[in-house]
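The block underneath contains the structure these notes are about, expressed in structure tokens.
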Amino acid sequence: MKIATWNINGVKARIENLCQWLKDSSPDIACLQEIKTVDEGFPRLEIEALGYHVETHGQKGFNGVAILSKVKPDEVTRGLPGDDGDEQARFMEAVFSIEGHGALRVCCLYLPNGNPIDTEKYPYKLAWMERLRKFAGDRLALEEPIILAGDYNVIPEPHDCFDPKVWENDALFLPQTRRAFRQLEHLGFTDAVRATTDAVKLYSFWDYQAGAWPKNNGIRIDHLMLSPEAADRLAATAIEKHVRAWEKPSDHVPVIAHLDFSS
DNA sequence: ATGGCTAGGAATCCTAGA
């Protein structure tokens, strides 16, 4: 079972890349962030033609998430609990049936960036992370395989960026941000990529500006966090960075976790 | 790299991203 997360930075601008990637990589489940369209604008026909079921939680212009899957989910919910006044489309959850193994829950999340840090955006990010922590804690009680996949906008450790000094005062790397991320780990969630490799200079985002990609000035901010029941099934991970070199790329690349439900 | 680029919406520039 191949599960992917990819901040696609505009699904309408990226539809050719997305279709090529689905054909090449053939994920069973793909979580997309920053679709930047309302549900009606999502290019679902092209994706359905490749054999995928499409669920979206869109928003006009910004944000928006989607879950593509080879098998139709049993249920889908939209929005992160904990703030009824939050209008931003950044979270959805889909529940799948795995033959012989019960439910698999996949959450697709686009965590707020939080910059500039001296505006209301940073407290919004921290409040969102606290809501995510509560949600994750509640879900753990189900004792099911759960994957929280998405663009976390969090650089977990200094070696997850090319130059920690550059990010010192950035919302992606501030101590409070990293602490909130660690709290997810302390609940019992496993960072899938870090569980499978100690490699450094392993990134999932390269800025469009300043030659960041050719210089490999990247950051690792797209993560798949696994509940214990999912982490027990973790077989391998991959960061499909070749996609960043394609024509008209997203600034993020797909990150993959392979879960083995064969036994 | 305190932004050198990109997407989207409104509109020929702005906001947002990280």
Side-chain angles (χ1 to χ4, degrees), chain A residues 5-19 21 31-43 46 56-66 86-91 108-126 128-129 132 149-178 180-181 193 201-223 239 241 243-255:
Chain A
T5 180
W6 188 16
N7 180 322
I8 197 160
N9 188 18
V11 71
K12 287 182 281 191
R14 215 71 62 208
I15 185 61
E16 286 185 27
N17 283 16
L18 175 58
C19 288
W21 172 71
C31 298
L32 305 179
Q33 301 87 36
E34 280 205 274
I35 63 173
K36 294 187 174 180
T37 176
V38 292
D39 296 335
E40 303 74 53
F42 195 94
E46 293 90 325
T56 62
H57 180 35
Q59 181 178 343
K60 188 177 181 182
F62 304 103
N63 305 325
V65 290
D86 187 354
E87 300 286 327
Q88 300 192 30
R90 294 178 174 276
F91 187 92
C108 176
L109 65 97
Y110 176 44
L111 209 146
N113 176 297
N115 285 306
I117 58 173
D118 58 351
T119 68
E120 74 290 343
K121 293 188 178 195
Y122 192 55
Y124 173 67
K125 176 178 192 155
L126 292 178
W128 207 96
M129 294 184 84
L132 180 63
D151 177 358
Y152 278 72
N153 274 311
V154 175
I155 300 166
E157 298 293 337
H159 58 254
D160 292 314
C161 63
F162 72 96
D163 182 4
K165 279 202 179 72
V166 169
W167 298 95
E168 218 166 42
N169 295 308
D170 193 283
L172 279 64
F173 193 58
L174 281 177
Q176 274 180 283
T177 306
R178 295 174 55 202
F181 184 81
V193 167
K201 298 184 178 178
L202 212 53
Y203 307 132
S204 64
F205 168 93
W206 296 261
D207 201 295
Y208 289 122
Q209 302 181 71
W213 166 246
K215 288 191 275 192
N216 198 27
N217 287 347
I219 53 180
R220 193 176 71 89
I221 57 175
D222 299 273
H223 309 299
I239 299 181
K241 66 184 288 188
V243 171
R244 185 64 176 78
W246 287 359
E247 286 292 312
K248 216 178 173 220
S250 169
D251 39 9
H252 298 248
V253 298
V255 182

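To find a chain, count down the sequence lines: A is the first, B the second, and so on, and within it residues start at 1.
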**Message:** So does A:N113 get a backbone contact from the side chain of A:K125, meaning a donor-acceptor N/O pair under 3.5 Å?
**Reply:**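 The answer is yes, because a donor-acceptor pair under 3.5 Å joins these two groups.
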Select one nucleotide: of [options], the one nearest the side-chain heavy atoms of [X].
X	options	value
A:R90	B:dG17, B:dA18, B:dG8	B:dG17
A:L172	B:dA7, B:dA18, B:dA10	B:dA18
A:Q209	B:dG3, B:dG9, B:dA18	B:dG3
A:W167	B:dA18, B:dG8, B:dG3	B:dA18
A:K121	B:dA7, B:dA18, B:dG17	B:dG17
A:H252	B:dA18, B:dA10, B:dG17	B:dA18
A:Y208	B:dA10, B:dA18, B:dT6	B:dT6

**Message:** Can you tell me if A:N7 touches the phosphate of B:dA18, counting only side-chain N or O atoms and a distance under 4.0 Å to OP1 or OP2?
**Reply:**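 Answer is yes, contact under 4.0 Å.
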**Prompt:** Has A:Y110 got a side-chain N or O lying under 4.0 Å from the OP1 or OP2 atom of B:dA18?
**Reply:** yes
**Prompt:** Hey, does A:N153 reach any base, or is it just sugar-phosphate, or nothing, if we go heavy atoms under 4.0 Å?
**Reply:** sugar-phosphate
**Request:** Select base, sugar-phosphate, or nothing to describe what A:D222 touches, counting heavy atoms under 4.0 Å on all strands.
**Result:**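 Here A:D222 touches no strand at all.
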**Prompt:** Which pair of heavy atoms, one from A:I221 and one from A:S204, lies closest together, and at what distance?
**Reply:**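 Looks like N-OG, 3.1 Å.
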**Item:** Min side-chain heavy-atom separation A:N9-A:K36 under 4.5 Å
**Value:** yes
**Complete:** With A:H252 as partner, the option from A:W6, A:F205, A:W206, A:W213 fulfilling ring pair (Phe, Tyr, Trp, His ring centres under 6.0 Å) is A:F205
**Distance-only donor-acceptor test (3.5 Å): side chain A:N113, base B:dA18** = yes
**Asked** Which whole number of Å gives the distance between the C1' atom of B:dG9 and that of B:dG3?
**Response** 23 Å
**Request:** Could you work out the separation of B:dT15 and B:dA10 based on their P atoms and round it to a whole Å?
**Result:** 14 Å
**Asked** Just by distance, with hydrogens left out, do A:T119 and A:Y124 show a side-chain donor and acceptor under 3.5 Å apart?
**Response**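 Distance-only check fails for A:T119 and A:Y124.
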**Gap between atoms CD1 and P, on A:I8 and B:dA16 respectively (whole Å)** = 22 Å
**Prompt:** A:K248 or A:A212: which one's nearest nucleotide on DNA chain B is closer to the 5' end?
**Reply:** A:A212
